[in-house]
S.K.: 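After the C-alpha cells below, expect a handful of questions from me.
Residue indices begin at 1 and follow the sequence shown.
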Amino acid sequence: MQDTSEDEGTTDTLLQNQNEEIFIVESKGFTSGRLFRIAVAVAILVLVIVLVAVVVVSLVHHSAANSATNNTTAPGTFNWASYYGNHMVLQQGPHRAVLWGYGEVGATVNVSIDTSVSVFSSMVHEGENGRGVWKVALDPMPPGGPYRIQGVHDTNGTLQRNFLEDVMFGDVWVCSGQSNMEFTVSQAFNAQQAIAEAANFPNIRLFTVERMQSDKPLYDLDKILQHWSVASSDSVGGAAWKYFSAVCWFYGRELYNHLGYPIGLVATSYSGTPIETWSPPQVLEDCNITHNYREESDVLVDAGLVGWPSEHSVLWNAMIHPLLNMTIKGAIWYQGESNTRHPDTYSCSFPGMIDSWRKEWYMGTGGQTDRHFPFGFVQISTETPNVIKLGYPAIRWHQTADYGYVPNPAMPNVFMAVAVDLVDPDSPFGSIHPRDKQDVASRLVLGARAVAYNKTEVTFQGPRPVSVNFDPERKTVRRVYPKSLNITVKSNNGFEVCCSPDLSQCSMTSQEWVPVPIVSSTSYSITLQLSQDCWEDVTYIRYLWEMWPCDFKQCAVYGTESGLPEAPFFGCLLEPDKKPPC
C-alpha cells in the first residue's frame, strides 16, 4: 500500500510538474506572439512613414522639374521664364548667361550653380501687367556640363526653390525665317539616316518656338512647340513643318563637329512670311515701307498664303522680342521668297533688321550679347524652271545690300550661303523648297567658322575677280581671279552685259541685256566674248540673273578646292568692286 501510495504520489508530482511545464510553455508562447505583433506593427508604421516621405520628396522634385519646363506660370508665383528648362544650353563665356523669371514683388531671388559658391541675387520688381519679374547674369562659364542651377525665392524668410537640371554651357544660335528654315529634317534628303544618327550628338540641345503673332511686343513666349530637348531621333525627327528645322539642325551638327562643345539651337520660323513681319517698326519707318501684303488679297490667294501673317512686325513682336533677354552667340536666317513680289526695299529692310536685332538683343541682355553678334543668311534658291521672275535675282542682290558679297560696309560681321545652284525640281514640297539642306548648312558653317569664330584660313566665299581686262581688238573681257584660288568652269553660260552706258537703260528689269559666253578659261581666269554689235558702249555686267540660272551645282564658276559657286552679282564691267553707277 505504501508502495502504491508512493507510486501514486510520484505520479501526482510528475503530473503536477508536467502541468507546470506545460503552463510555462504556454506562457512563453503568448509573450513571443505579442512581441512579434508589436514588431510587425512598428515595421509597418516605419514603412508607411518612409513611403510618405518618398512620395512627398518625389512630388516636390516633380513640381520643381515641371516648373523648369512649364511655359505658363500663375501671377505671383516663382518660376523661370518660358524658354528656360531642363536640358537647355546657356551661352558660355566670355559672355554672361542671363536668367530671368517671375516671383512676388519685393521678394529676393538667389540663383546658384551646383559647382560654384557664387550666388547671383535680384529683387523682384513689377513688370508687364503688374507681374513680378527678376533677372540675373551668371559669371562667364567655360563650355561643358551638365550643371544643376538652383533658384531660391525668399519672401520674408519663406523660401521656394526651382531647379534647372542637366544644363550645358556652350554657344546658343537662333535660327529664323520662313518655310525653308521651318522645313524639317524629316523632309530633307537622307532624312532617315540623319534622324537615326541624332542620338550621337547628346551635347546639341533643341528648342522650337510655336507659330504665333501679336500686335504688340510680348515679353515672354505665349506658346512653345518643343521644349528644350537632348538631340535624339524623336527630338530631331518630328513631323513635317514642326520640328526640327533641317537647316538649323545640320548647321548645329556640323558646327559641333568643328567646335567640340555644346550647341544650343533655338528655331523660331513661320512659313510664307515677308521680312516686314519680322522687323521692328522703327526699321520699316527708316526704310519708308508702308506697303502691307494684306492689301494684296488676290495675290495671297494665288500664292496660297491667305491667313498667314502679313501685318508689319507681328512676328517680331511674338517670336523674336520675347527671346531678347536670353544671351546668344548669333543667328542664322533663311527668308526672302515672300518678298520677291516687291524686292526693291529689301536692300534697306534686311540690313536694318539685322542691325535692329543686334541692338535689341544687346540691350535686352544688359550688354551680354555682342552688339554686333554674327549673323548668317542663305541667299535664296529658286522656284520654277523656265519661268521669268526677276524678283528672285533682285532679292539675292538686295540680300547683300547691293554689294554681291558679305561681309561688306553695310553688313559687317555677316556671312552668307549661296543656294542659287542647289535646285530641286522634283521636290515633293515644291521646287521652292529644295530638299538638300545639308549643302546649305555646310556653306553656312564655312561662313560661321571664318566670320563668327575667326578662322581666317577657312575659305567661305566663292571666287571673286580681282581685276578685269578689256581687249578691243578681240572684243573680249578677261576676268582674273586670285591665282591662289583655282577655279573650275562647269558651264559657259550665266554672264550678261548691257548694251548701253546709261544706267537707266541697264536696270535689273531692262531688256537691253544680252548673254556673253565664256570662250576660254585658265585656272584663275575666264574670257567673255562680246558680240559684234554690242561692245563699244558696254558698261554694266551681271551674273546668274535668272530665277533658275543653272542645274544642280552646274553654274559657270566654282572654286576648285572649296566647291563654292561665284555669287550672283550686278555691277560695273571693268570695276568689279564698284557699285553702280559706274
S.K.: Which salt bridge (charged side-chain N to carboxylate O under 4.0 Å, His left out) pairs, counting each pair once, include a residue from residues 488-499, with sequence neighbours left out?
M.R.: Glu496-Arg542

S.K.: Testing the basics here: between Ala567 and Gly404, what is the closest heavy-atom pair and its distance to 0.1 Å?
M.R.: CB-O, 3.7 Å

S.K.: Examine the side chains of Ser491 and Gln554 and answer whether a donor and an acceptor come within less than 3.5 Å of each other.
M.R.: no

S.K.: Ignoring hydrogens and angles, state whether a donor on the side chain of Ser176 or Thr268 is under 3.5 Å from an acceptor on the partner side chain.
M.R.: no

S.K.: Phe207: which residues meet the ring pair (Phe, Tyr, Trp, His ring centres under 6.0 Å) condition with it, sequence neighbours left out?
M.R.: Trp228

S.K.: Looking at Glu473, I want to see if its CD is surrounded by more than 12 non-hydrogen atoms of other residues, nucleotides or ligands under 6.0 Å.
M.R.: no

S.K.: Taking all heavy atoms of Asn180 and all of Ile432, pick out the closest pair and write down the distance.
M.R.: ND2-O, 3.0 Å

S.K.: Please identify each residue that fulfils side-chain contact (heavy atoms from CB on, under 4.5 Å) with Arg371, with sequence neighbours left out.
M.R.: Asp355, Arg358, Lys359, Tyr362

S.K.: Which is it for Phe244 and Leu265 under the side chain to side chain contact (heavy atoms under 4.5 Å, CB included) test, yes or no, and what are the steps along the way?
M.R.: CA-CA 10 Å; Phe244 191 70; Leu265 301 173; 3.7 Å; yes

S.K.: Mind jotting down which residue pairs meet the ring-ring contact (aromatic ring centres under 6.0 Å, His included) criterion with at least one end in residues 438-487? Sequence neighbours excluded, please.
M.R.: none

S.K.: Pairing donors with acceptors under 3.5 angstrom, does anything connect the side chains of His95 and Thr369?
M.R.: no

S.K.: Between Tyr543 and Glu566, is any side-chain donor less than 3.5 angstrom from a side-chain acceptor?
M.R.: no

S.K.: Can you list everything that forms a salt bridge (charged side-chain N to carboxylate O under 4.0 Å, His left out) with Lys389? Sequence neighbours excluded, please.
M.R.: Glu383

S.K.: For Asn386, does the CG atom sit with more than 12 other heavy atoms under 6.0 Å from it, leaving out its own atoms?
M.R.: no

S.K.: Side chain to side chain contact (heavy atoms under 4.5 Å, CB included) for Leu530 and Val477? Distances and angles first, verdict last.
M.R.: CA-CA 7 Å; Leu530 303 178; Val477 174; 4.0 Å; yes

S.K.: Test Val538 against every option in Leu574, Val516, Leu573, Val514 by the side chain to side chain contact (heavy atoms under 4.5 Å, CB included) rule and name the one that passes.
M.R.: Leu573

S.K.: Does Val423 form a side chain to side chain contact (heavy atoms under 4.5 Å, CB included) with Trp548? I'd like the steps, not just the answer.
M.R.: CA-CA 8 Å; Val423 300; Trp548 192 296; 3.5 Å; yes

S.K.: Give me the one residue out of Gln335, Glu337, Arg341, His342 that meets side chain to side chain donor-acceptor pair (under 3.5 Å) with Asn339.
M.R.: Gln335

S.K.: Start with the C-alpha distance between Thr459 and Ser562, add both sets of side-chain angles, then the distance that settles side-chain hydrogen bond (donor to acceptor under 3.5 Å, both in side chains), and finish with yes or no.
M.R.: CA-CA 7 Å; Thr459 299; Ser562 69; over 6 Å; no

S.K.: List the atom of Ala194, the atom of Val185, and the distance in Å for their closest heavy-atom pair.
M.R.: CB-CG1, 4.1 Å

S.K.: Can you pull the salt bridge (charged side-chain N to carboxylate O under 4.0 Å, His left out) pairs that have at least one residue in residues 414-428, sequence neighbours excluded?
M.R.: Asp421-Arg443, Asp424-Arg435

S.K.: For Pro482 and Val466, which heavy atoms make the closest approach, and how far apart are they?
M.R.: CG-CG1, 3.7 Å

S.K.: Can you run down the disulfide (SG to SG under 2.5 Å) pairs that involve residues 409-489, sequence neighbours left out, and say none if there aren't any?
M.R.: none

S.K.: Under the side-chain contact (heavy atoms from CB on, under 4.5 Å) rule, collect the residues that match up with Glu254, sequence neighbours excluded.
M.R.: His258, Ser442, Val445

S.K.: Going through the checks in order, is the side-chain hydrogen bond (donor to acceptor under 3.5 Å, both in side chains) test met by Glu276 and Ser279?
M.R.: CA-CA 5 Å; Glu276 290 81 3; Ser279 300; over 6 Å; no

S.K.: Tell me the ring-ring contact (aromatic ring centres under 6.0 Å, His included) pairs involving residues 503-528, sequence neighbours left out?
M.R.: Trp513-Phe570

S.K.: Is the number of heavy atoms from other residues, nucleotides or ligands under 6.0 Å of Lys455 NZ greater than 12?
M.R.: no

S.K.: Indicate whether any N or O donor in one side chain lies under 3.5 Å from an N or O acceptor in the other, for Gln368 and Thr327.
M.R.: no

S.K.: Check Phe495 against Ala556 and note the closest heavy-atom contact, atom names and distance.
M.R.: CE1-CB, 4.5 Å

S.K.: Ignoring hydrogens, what is the shortest heavy-atom contact between Tyr261 and Gly170? Give both atom names and the distance.
M.R.: CD1-CA, 4.2 Å

S.K.: So, does Asn408 use its side chain to make a donor-acceptor pair with the main chain of Thr400 at under 3.5 Å?
M.R.: yes

S.K.: So Phe350 and Tyr346, would you call those rings parallel, tilted or perpendicular, with 30° and 60° as cut-offs?
M.R.: tilted

S.K.: Apply side chain to side chain contact (heavy atoms under 4.5 Å, CB included) to Arg211 and Ser271, showing your working.
M.R.: CA-CA 9 Å; Arg211 291 177 176 180; Ser271 296; 3.4 Å; yes

S.K.: Quick one: which residue pairs count as a salt bridge (charged side-chain N to carboxylate O under 4.0 Å, His left out) with a foot in residues 279-292, not counting sequence neighbours?
M.R.: none

S.K.: Kindly determine whether Gln461 and Tyr405 satisfy side-chain hydrogen bond (donor to acceptor under 3.5 Å, both in side chains), including the steps that lead there.
M.R.: CA-CA 8 Å; Gln461 297 172 320; Tyr405 60 88; over 6 Å; no

S.K.: Test ring-ring contact (aromatic ring centres under 6.0 Å, His included) on Trp241 and His433 and set out the steps.
M.R.: CA-CA 12 Å; Trp241 309 112; His433 300 123; 5.2 Å; yes

S.K.: Between atom CD1 of Ile204 and atom OH of Tyr251, what is the distance when rounded to the nearest 0.5 Å?
M.R.: 12.0 Å

S.K.: Check whether the side chains of Gln193 and Glu197 place a donor and an acceptor atom closer than 3.5 Å, and report yes or no.
M.R.: yes

S.K.: Do Thr273 and Trp278 have a side chain donor and acceptor closer than 3.5 Å?
M.R.: yes

S.K.: How long is the straight-line distance from CH2 of Trp333 back to CH2 of Trp357, given to the nearest 0.5 Å?
M.R.: 5.0 Å

S.K.: Could I get the full list of side chain to side chain donor-acceptor pair (under 3.5 Å) partners for Arg478, not counting sequence neighbours?
M.R.: Ser525

S.K.: Show me, pair by pair, the donor-acceptor contacts under 3.5 angstrom made by side chains of residues 372-380, not counting sequence neighbours?
M.R.:
residue: Gln379; atom: NE2; partner: Arg396; partner atom: O; Å: 3.0

S.K.: In plain terms, say whether Asp439 and Lys553 are close enough for a salt bridge, that is, a side-chain N and a carboxylate O under 4.0 Å apart.
M.R.: yes

